[in-house]
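Just below is one structure, and these are the notes that go with it.
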Amino acid sequence: MENYAIHTDEIRVRRGKKEVLHGVSFDVPKGSLVGLLGPSGSGKTTLMRAIVGVQRDVSGTVTVLGHAAGSAILRHRVGYVTQDASVYPDLTVRQNLNYFASILHAERADVDRVIESTDLGGQANQLVDSLSGGQLSRASLAAALLGSPELLVLDEPTVGLDPVLRVDLWSLFRRLAEGGTTLLVSSHVMDEATRCDRLVLLREGEILADETPTGLLECTGAADAEGAFLTLIRRHPKHAGPDRLEEAS
Ligand SMILES: Nc1ncnc2c1ncn2[C@@H]1O[C@H](COP(=O)(O)OP(=O)(O)OP(=O)(O)O)[C@@H](O)[C@H]1O
């Protein structure tokens with residue numbers, strides 16, 4: 001288990017009156033870039049919240065870097081970027097990062113490092129309020145990179161970005177993984193899947209597949225990740241319609 005940054009076993013989560021994760025089990029190897037893919041409402045955010053230890057009513061096992069999810073010891077070792085901007089609009093990018101660096105007791109030099117790695121040099125002295133969507137996502141990411149966390153949990157960091165910015169961000173994720181950081185990145189854009197080491201496909205609170213991109217195409221016979229996802233849905237007895245059960249059997 002020490003080779004895993006995240007180990008989960010039979011996670012169940014209730015939100016409101018309904019169970020939204022139904023016994024989810026998967027592992028994220030250390031230093032890997034893993035994509036958590038699934039349509040809107042499939043439970044990606046809930047699963048990430050369970051992993052970073054901010055979700056209530058979680059049962060099952062969630063171990064992060066060898067500790068129970070949410071343990072105080074993990075506070076500086078795990079970076080979490082939600083779908084909402086986590087930087088202050090009335091401060092510049094650099095002022096935000098200086099502020100978060102002081103909370104984390106990170107070196108000031110770390111601020112320059114994260115500005116450079118997120119390619120925000122040109123916007124460092126710009127108010128966050130005036131950043132574009134892509135720059136705002138990168139500013140939140142820069143804040144999460146302070147202190148060099150071992151694990152980054154990123155909830156739909158590329159949502160709303162144009163294809164060029166998406167490619168840039170995925171290149172950054174790859175560089176971080178090559179530097180030894182583990183990344184769990186959620187997305188509902190299946191194309192992005194091909195950039196991951198492993199893919200976890202989630203649908204209605206259940207894992208449909210936990211595979212390498214190549215393995216996923218091989219086991220479904222599909223030409224791309226989107227086709228693979230559709231094939232898996234058709235094969236799943238719960239999701240297959242009466243006319244599809246035959247096809248799936
Ligand atoms: N605060 C809440 N109270 C009750 N149910 C909730 C709450 N937040 C989310 N849910 C439900 O939990 C399920 C999973 O939601 P979740 O946000 O985890 O999905 P998601 O895959 O991240 O979706 P998206 O891609 O749209 O962000 C959905 O059915 C959603 O309606």
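These numbers were taken from a predicted model, which means no experiment stands behind them. For ligands, and for the atoms within them, numbers begin at 1 and follow the listed sequence. All heavy atoms count here, side chains included; hydrogens, waters and symmetry mates do not.
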Q | Residue pair Met48 / Leu36, side-chain heavy-atom distance below 4.5 Å | A | yes

Got a salt bridge between [X] and [Y], using NZ or NE/NH1/NH2 to carboxylate O under 4.0 Å?
{"X": "Arg14", "Y": "Glu19", "answer": "no"}
{"X": "Glu156", "Y": "Lys44", "answer": "yes"}
{"X": "Glu211", "Y": "Arg198", "answer": "no"}

Q | Residues lining ligand 1 [heavy-atom distance under 4.0 Å, listed by chain and residue number] | A |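 Lining ligand 1: Arg15, Gly16, Lys18, Val20, Pro39, Ser40, Gly41, Ser42, Gly43, Lys44, Thr45, Thr46, Gln83, Glu156.
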
Q.
I'd like to know if the side chain of Asp197 and the backbone of Leu33 have a donor-acceptor N/O pair within less than 3.5 Å.
A. yes

Q) Should the pair Tyr99 and Tyr88 be assigned to parallel (<30°), tilted (30 to 60°) or perpendicular (>60°) ring geometry? A) perpendicular

